[in-house]
Student: 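I'd like to ask you about the structure that follows.
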Amino acid sequence: MSIPPTQPPQPDRSSAAPTAQGGITDAPPFRYDAKLADAIELRWQQHWEAEGTFHQSNPGEPDFEPDRPKYYVLDMFPYPSGAGLHVGHPEGYTATDIICRHKRMKGFNVLHPMGWDAFGLPAEQYAIATGVHPAITTRKAIDNFRRQLKRFGFSYDWSREFGTIDEDYYKWTQWIFLKLYDSWFDPQAESPVYPDGKRRRGCARPIADLLVQLEGGDLRVGAEGELVHAGSAAMNPLAAMGGGAEVIGLRRWHELDQKQRRAVIDSQRMAYLDQMTVNWCPALGTVLANDEVIDGRSERGGHPVMRKPLKQWQFRITSYADRLLSDLQLVDWPESTRTQQSEWIGRSEGAEIDFEIDSAVSGMNALRVFTTRPDTIFGTTYMVVAPEHPLVAAALGMKHDAALKAYVDAARNKSDVDRMAGAEKDKTGVFTGLYCLNPATGAKIPIWTADYVLMGYGTGAIMAVPAHDERDWEFAKKFALPIVEVIKDPKGGDVQEKCFSGDGVGANSSSVEVSLNGLGVAEAKKTTIAWLEKTSRGVRKVNFKLRDWVFSRQRYWGEPIPIVFDDAGNHYPIGADHLPVKLPDLADYSPVESDDPQPLLAKATGWVHTTAAQAGVSNELLPPNAIVRRETNTMPGSAGSSWYFLRYCDAKNSKRFVSREADAYWMGGLGTPALRAGSMNPPPGSESRGTQAAGVDLYIGGSEHAVGHLLYSRFWHKVLFDLGEVCTPEPFNKLFHQGMITSYAYQRPDKTIVPMDEVNEAADGRFVETATGVALSPVVTKMSKRYKNVINPDDIIAQFGADTFRLYEMYMGPLDASKPWNTKDTIGCFRFLQRAWRMTVDEQTGELKLAPAANPDVEKQLHRTIAKVDADIPRLAFNTAIAALIEFVNLATAPGVTRDQLERFALILAPFAPHMAEELWAKLGHTESIAYEPFPQPDPKQLVDREVEIPISIQGKVKHKIMVPTGADKAAIEKIAMSDPKVRELIAGKTLSKIIVVPGKMVNIVLG
RNA sequence: GCGGGCGUGGCGGAACUGGCAGACGCGCGGGACUUAGGAUCCCGUGGCCGCAAGGCCGUGCAGGUUCAACUCCUGUCGCCCGCACCA
């Protein structure tokens, strides 16, 4: 490193210059105002950039320091929009920057990268609106974001920067897609070893392994193409149901023809192509994932979303449901986020039960249902199937029923908005004309169809027990179906009046085969399932709400899916050595608004039609000159963000998506050799729940990603872990969500909101609408263009500088709380920096002015401040750390600080206000950046006083205070208290009942 | 409806494991320096009573546990976030 400037840049103040507050000033030349802050900050930002101060090398690189422990701090990378940075971005980014700067000073190798989540719908839509190619607008937005982030002085290692739209990057996104394409989930196999030393059951394996097992005869193929273990134990319990051990239609691999074999393999892939009902948004011209649909409307734009059958690429995330759920226990995440994920996964235990159909329906003799309440089977008085259930189509095929047909058609054509609105309204439904038999009672019961039963969950059919299920009860009441009580409410409620879904005792539940009478719910469930399994009428079953991840989008601005098709519609992967499949240029990339999905890339006809050799398909799969058609769907926005944290570890690698060494070091959690060998304790501040799962040490971002991004990333990471490509089962060890920064807005009495620039503040502090004079009340809302209450970070930096901005956002309140921005309050942080500056720098000359000798009170307070800041930073309690810094300056201003004290103060200020800290550090004569100087240690002796003041309470109320020696025991304190004249006076003439002494804390005297 | 979280001065917030409620900042009041101040500095600032000393009240509301409750328990009201016919 070169010698940094020791003189501050001389700002232009030749004439009366505007101050931060815009008035005319004759302020001294070295006053810390907006102009000087700007000069200092730009000077240091240029210096850091020129010197590569925050470049962090990887293991194996020349200047890598292997003896230091590692710490990987990740921000959720931004989606660069044309609007530029929002004040919400720097909130999380400042927090991580403080952590990183602190860790560096504590001797860690710190990985702190930044990049761009740049594919996606908004850029495409903006491009459509303006007619400019999304690549151009996106690059421009990235440049602006980068400029803004650099202006905050964040200590990113910019050498690792990339965007998801970079060919070097999406090449590997496509490579991961192919990894998923070329693997299957083996429920019998065990995962690689977790950091806890154990393996987990159920693991992704290469398709090649599946072929070996099929060819070797270990696996056979069932009637419906499912895999069955040759050892007779069915992999799919359903296959064993009904047919007993002798499974009909079990075939060996060599008995299958080419087409059948392909179908079996393709149906096992982790990435598979299948017809499914999708969320189709006609207005956006694309399919959306479940988490992109809010209340039946698109998350972006709020357009209606329809259900539509479509062939789509999907990921078998459901096969990981169990591990995604149980591994949540390994990570140090907010409770609310873990709860959200586990509810999204939605595990429920119950049984699948076959009800014999008591009507002649061709090809169907049983109706299979899923229930979590098998214990209520005796109370089943009717059945309900979803309108899309095959049984309904069968019923319609047998006999014309106008009412039934009308109902089914209506349900099919309903958008999700309408169907969900139905949830609020009455139950609807139609009798199908079919009956089945209750296996418990033998009673003949009707089969209805109703849209409150969803085809996508369970088997799309339920056994209705109106006595003990709220929804069934409502339906039964409406259609006058019988309600039979089979669980006695201990409180004696009447199920004809109100359904009872709590725990109680079985009743009316006895047959020749089984009796549940007198059993509690849990016991009755067990008994029922045992009976069902014994009589082959049903099996224990676990269901999940989680659906497979739909991965096809009909958009332009996304990663192409590296697949081609032959004439017969068979798909083939593109060889890894032919990646990336580059996104072709399109003359016209506007969407085709249509009820019938049209991928945009189909317009690139020259690109779509190619040969196997040109596309890069292995000639083992297809002859080189075979005519093929490229996949025209693209990947969703969540593709690139599902693994970007891995790329940062080794961003320039052209051989692998991340080198094994870089992954092991940065993601491994036990990066330091000494730590790995157990010869060193983890450094203080690193003790989290973590290293059970390892991964990124700290990940900060918004809670809106609690299910989408954070679940998808976990899934990809687990597949890569199972396939041996990465070394940890979880990507993010500690997760933290910053709260939303809101803003004030003004509300009329009718609750409508007035834009900020149409509001006047009256002299008495009340607010009125300028146009009407109507009185308004201030409310806290999301920042929004509509309310004109959006704060632009550039404006704040221009007014106060980046150090003030950083301090203010961290000082507003707890990091995870939602807080209102109040520009007025920023002045407090600005004044703090100004006072700190004035305390040590002569405002006329710019020279340091230091006290010749240390004031003991200042010294003591400095040690306490160091201890407080050092403890608060790892807790992410920046607001209280900053308060402590302010207190120190307030106390030290009058006596002044010595050179030695200023050094320590600059060091503890550095994580928060790095520019001023560097400036002071340089003024102190240092030639190296403050960034890697050791964080000061407090002297423990300075942290305790010889005497402490403790309160004396009488009857629990503080009446007096006394001084006692630190460490005095109960007896000593009681003696001091009782001999104190004031205390004697207070208790004179009263009867003592009890004296409670908490050493070092307080004394409470209880009178009789 | 279900799940999670939160209610503390005029405002943002602090208070570690039950032990002095209101740290720190904004705002406000007073003063200093000033031709001037929307700059800067100093003092004060939860409410009520009192000249003062001091007293009483006070962490959404109502109870409870405790020598002691912002903190724990029960009930209740309000706000925010997530999920929402998942059988």
Side-chain angles (χ1 to χ4, degrees), chain A residues 19-28 31 33 295 334-340 342-344 346 348 350 369-373 376 384 419-420 422-424 427 450-454 456-459 461-465 469-472 474-475 543-547 703-704 706-707 739-740 742 744 765 778 780 807-808 811-814 816-829 831-832 834-835 838 843 871 875 877 879-880 882-887 890 893-894 949-959 961 993-996 998 1000-1007:
Chain A
T19 63
Q21 287 66 38
I24 300 300
T25 181
D26 54 355
R31 166 151 300 172
D33 57 15
D295 293 337
E335 193 57 43
S336 63
T337 308
R338 294 195 298 171
T339 306
Q340 273 185 63
S342 64
E343 281 175 4
W344 187 264
S348 44
V369 302
F370 173 71
T371 179
T372 54
R373 294 297 302 275
T376 61
V384 186
R419 199 154 162 175
M420 286 196 173
E424 316 291 307
K427 293 271 181 292
D451 67 3
Y452 84 89
V453 172
L454 310 175
Y457 182 76
T459 63
I462 61 156
M463 57 178 227
V465 185
D469 181 279
E470 188 64 50
R471 297 148 300 184
D472 298 345
E474 252 179 66
F475 192 81
N543 257 335
F544 296 93
K545 286 188 206 170
L546 184 68
R547 312 291 159 83
S703 58
E704 67 273 18
V707 279
M740 198 196 327
T742 53
Y744 287 101
V780 167
L807 279 172
Y808 173 61
Y811 186 62
M812 286 170 78
D816 54 355
S818 153
K819 310 154 280 243
W821 179 280
N822 193 357
T823 302
K824 260 187 192 170
D825 289 353
T826 53
I827 192 78
C829 292
R831 283 179 191 150
F832 158 65
Q834 222 167 34
R835 282 199 303 273
R838 193 182 314 111
E843 291 187 307
R875 293 169 48 218
N879 53 336
T880 50
I882 294 167
L885 290 168
I886 295 173
E887 278 187 88
N890 290 348
T893 298
E949 186 187 56
I950 62 167
I952 307 243
S953 303
I954 293 173
Q955 305 293 66
K957 288 182 189 248
V958 177
K959 292 287 176 184
K961 287 171 184 175
S993 158
K994 203 170 172 187
I995 299 173
I996 290 133
V998 183
K1001 294 278 187 194
M1002 55 113 57
V1003 175
N1004 192 12
I1005 298 168
V1006 187
L1007 301 172

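Note that the structure is predicted; figures quoted are calculated from it, not measured. Chain letters run A, B, ... following the sequence lines, proteins first and then strands; every chain starts at 1. Just the heavy atoms: all of them, side chains too, but no hydrogens, waters or symmetry mates, feed the values below.
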Student: For B/A23, does OP1 or OP2 lie under 4.0 Å from any side-chain N or O of A/Thr880?
Tutor: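 Result: no.
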Student: Which value, in whole Å, describes the distance between the P atoms of nucleotides B/C43 and B/G50?
Tutor: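 Between the two P atoms, the distance is 29 Å.
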Student: Roughly, in whole Å, what's the span from CD1 in A/Ile995 to C1' in B/G19?
Tutor: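 About 16 Å, once rounded to whole Å.
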Student: Do the side-chain N or O atoms of A/Lys824 get closer than 4.0 angstrom to the phosphate oxygens (OP1, OP2) of B/G10?
Tutor: no
Student: Treating A/Tyr808 as the side-chain partner and A/Asn822 as the backbone partner, does any N or O pair qualify as donor plus acceptor under 3.5 Å?
Tutor: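 Pair found, side chain donor or acceptor close to backbone of A/Asn822.
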Student: Taking only the P atom of each, what is the distance from B/G10 to B/C81 in whole angstrom?
Tutor: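 Result for the P pair: 26 Å, nearest Å.
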Student: Would you classify A/Glu949 as touching base, sugar-phosphate or nothing, given that sugar-phosphate means primed atoms plus P, OP1 and OP2, and contacts are heavy atoms under 4.0 Å?
Tutor: base
Student: Check this one for me: any side-chain N or O of A/Tyr457 less than 4.0 Å away from OP1 or OP2 of B/A87?
Tutor: yes
Student: Considering every strand and a 4.0 Å limit on heavy-atom distances, what is the contact class for A/Ser818: base, sugar-phosphate, or nothing?
Tutor: sugar-phosphate
Student: When you check the phosphate oxygens OP1 and OP2 of B/G27, does a side-chain N or O of A/Arg831 lie under 4.0 Å from one of them?
Tutor: yes
Student: Out of B/A23, B/A14, B/G4, which nucleotide sits closest to the side chain of A/Ser336?
Tutor: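 Looking only at side-chain atoms, A/Ser336 lies closest to B/G4.
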Student: For A/Asn879 and B/C24, is the shortest distance between a side-chain N/O and OP1 or OP2 below 4.0 Å?
Tutor: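 No, because none of the side-chain N or O atoms of A/Asn879 sits under 4.0 Å from OP1 or OP2 of B/C24.
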Student: A/Lys819 has a side chain; which of B/A15, B/C67, B/G13 sits nearest to it?
Tutor: B/G13
Student: Within the side chain of A/Lys819, is there an N or O that forms a donor-acceptor pair under 3.5 Å with the backbone of A/Pro814?
Tutor: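 Yes; at least one donor-acceptor contact below 3.5 Å.
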Student: Look at the rings of A/Tyr457 and A/Phe370 and say which category their plane angle falls in: under 30° parallel, 30 to 60° tilted, over 60° perpendicular.
Tutor: perpendicular
Student: Hey, which sits more toward the 5' end of RNA chain B by its nearest nucleotide, A/Ile462 or A/Gly813?
Tutor: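 Upstream on the strand: A/Gly813.
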Student: Heavy atoms under 4.0 Å, any strand shown: does A/Met1002 hit a base, just sugar-phosphate, or nothing?
Tutor: base
Student: Taking any heavy-atom pair under 4.0 Å as a contact, classify A/Asn822: base, sugar-phosphate, or nothing.
Tutor: nothing
Student: Roughly how far apart, to the nearest Å, are B/C85 and B/A15 at atom C1'?
Tutor: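 These two C1' atoms come out 46 Å apart once rounded.
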Student: I'd like the P distance from B/C24 over to B/G44, given in whole Å.
Tutor: 11 Å
Student: Between A/Gln834 and B/U40, is there a side-chain N or O to OP1/OP2 distance below 4.0 Å?
Tutor: yes
Student: I'd like to know if the side chain of A/Asn879 and the backbone of A/Met812 have a donor-acceptor N/O pair within less than 3.5 Å.
Tutor: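 Answer holds: no.
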Student: Mapping A/Gln955 and A/Glu343 onto RNA chain B by nearest heavy atom, which one lands closer to the 5' end?
Tutor: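 It is A/Glu343 whose nearest nucleotide is closer to the 5' end.
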Student: Is any side-chain nitrogen or oxygen of A/Asn890 closer than 4.0 Å to OP1 or OP2 of B/G25?
Tutor: yes
